[in-house]
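Working notes, structure below.
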Amino acid sequence: MCVDAETEFICEFSSRTLVCPHGKSLDIKFANFGRIGHNVCFRGYRSGADRVNNCYDESHTDLVGMLCNGQSTCLLPASNEVFGDTCPGVLKYLQVKYHCV
């Protein structure tokens, strides 16, 4: 399902625009706002806020799909306001896998 998909990591408190080439549109394959084992978005916290854990919410794929599918560009903020606080006290990131079709 995600073979050869583009992957973006967007650190909490940041945003990024996904962009497809002219004439193509986004097709979201996976999205999660949390922290599930990737060595990304570490900010030097010593409190354990960037510890790896199993912080995953399957509804995020549908949410990002509703926001982005069919568009050529899509601005995605990695924030609790959009996705909820899936794991309090943990520095999260938004991971998105997508194709341009």
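Just so it is clear, the values below take in all heavy atoms, side chains as well, and ignore hydrogens, waters and symmetry mates.
Between Phe30 and Tyr56, the ring planes are parallel. Angles under 30° get that label, and only those over 60° would be called perpendicular.
A distance of 6.5 Å separates CG in Leu91 from SG in Cys41, rounded to the nearest 0.5 Å. From Phe33, atom CZ reaches atom SG of Cys87 across 7.5 Å, with rounding to the nearest 0.5 Å. Atom CG of Asn32 is separated from atom OH of Tyr93 by 7.5 Å, given to the nearest 0.5 angstrom. The structure places CG of Leu76 at 6.5 Å from CG of Leu67, a figure rounded to the nearest 0.5 Å. Expressed to the nearest 0.5 Å, how far CG of Leu94 lies from OG of Ser14 amounts to 10.5 Å. If you take CD on Glu12 and OG on Ser79, they are separated by 8.0 Å, rounding to the nearest 0.5 Å.
With sequence neighbours excluded, the residues satisfying salt bridge (charged side-chain N to carboxylate O under 4.0 Å, His left out) with Asp85 are Lys92. For the salt bridge (charged side-chain N to carboxylate O under 4.0 Å, His left out) test, residues two or more places apart in sequence or in another chain that qualify with Asp27 are Lys29.
Of the residues Val64, Leu63, Asp62, the one that meets the side-chain contact (heavy atoms from CB on, under 4.5 Å) test with Ile28 is Val64.
Cluster membership check: Val19 does not share its hydrophobic cluster with Val101, using side-chain heavy-atom separations under 4.5 Å among Ile, Leu, Val, Met, Phe, Trp and Tyr. The hydrophobic clustering, which links ILVMFWY residues whose side-chain heavy atoms are closer than 4.5 Å, places Val90 and Ile10 apart.
Arg16 contributes a side-chain N or O that, together with a main-chain N or O of Phe9, makes up a donor-acceptor pair within less than 3.5 Å. Listed for the Thr86 side chain is no donor-acceptor partner under 3.5 Å among the backbone atoms of Cys55.
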Please walk me through it: do Lys97 and Thr61 pass side chain to side chain contact (heavy atoms under 4.5 Å, CB included)? CA-CA 9 Å; Lys97 294 184 180 187; Thr61 299; over 6 Å; no
